[in-house]
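Atoms within each ligand, like the ligands themselves, are counted from 1 in listed order.
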Amino acid sequence: MLLPAKASMLARRPSGPLCVICGKPQDHAFRPFCSRRCADVDLSRWLNGRYAIPARDTDEGDGDDSRSTDSEVD
Ligand SMILES: [Zn+2]
């Protein structure tokens with residue numbers, strides 16, 4: 001009597017971390033990717049995301065300078 005379930009458990013076992021882009025085993029030369037192609041994909045994603053972020057650091061407190069100063073003693 002054989003247990004087919006056990007055989008399938010031995011089928012595929014990744015020996016290391018997987019590429020964050022496509023899920024293939026990583027290449028040590030391109031970690032955390034499997035290839036230069038995936039590294040390029042990640043880089044372009046990162047750049048696109050960066051350029052998509054509007055740069056507004058000095059935009060805080062917009063239209064909020066109508067505070068009433070209650071210490072207006074003359
Ligand atoms: Zn990959």
Side-chain angles (χ1 to χ4, degrees):
M1 219 160 135
L2 293 171
L3 297 174
K6 192 173 182 180
S8 67
M9 280 178 70
L10 297 171
R12 288 184 192 177
R13 249 186 127 184
S15 57
L18 301 176
C19 174
V20 296
I21 298 298
C22 70
K24 290 178 182 176
Q26 291 179 7
D27 187 306
H28 66 86
F30 299 105
R31 282 187 301 174
F33 313 103
C34 69
S35 64
R36 186 177 171 184
R37 201 167 71 101
C38 282
D40 285 344
V41 170
D42 184 76
L43 178 63
S44 62
R45 282 186 188 177
W46 187 83
L47 288 175
N48 287 334
R50 190 181 176 204
Y51 289 138
I53 298 173
R56 43 176 196 153
D57 271 342
T58 60
D59 206 30
E60 258 181 55
D62 182 39
D64 194 29
D65 67 320
S66 58
R67 285 185 237 165
S68 56
T69 54
D70 69 272
S71 61
E72 205 171 278
V73 186
D74 206 8

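Of all non-hydrogen atoms in C19 and C22, the two that sit nearest each other are SG-N, 3.4 Å. Minimum interatomic distance between D27 and A29 (heavy atoms only, all atoms of both residues): OD1-N, 2.8 Å. Between C34 and P25, the shortest heavy-atom distance links the atoms CB-O, 3.3 Å.
Residue L43 holds its CG atom at 8.5 Å from CZ of F33, rounded to the nearest 0.5 Å.
The Zn ion (ligand 1) has C19 SG, C22 SG, C34 SG, C38 SG as its protein N, O or S neighbours under 2.8 Å.
Taking P32 as the reference, V20, Q26 meet the side chain to side chain contact (heavy atoms under 4.5 Å, CB included) condition, with sequence neighbours excluded.
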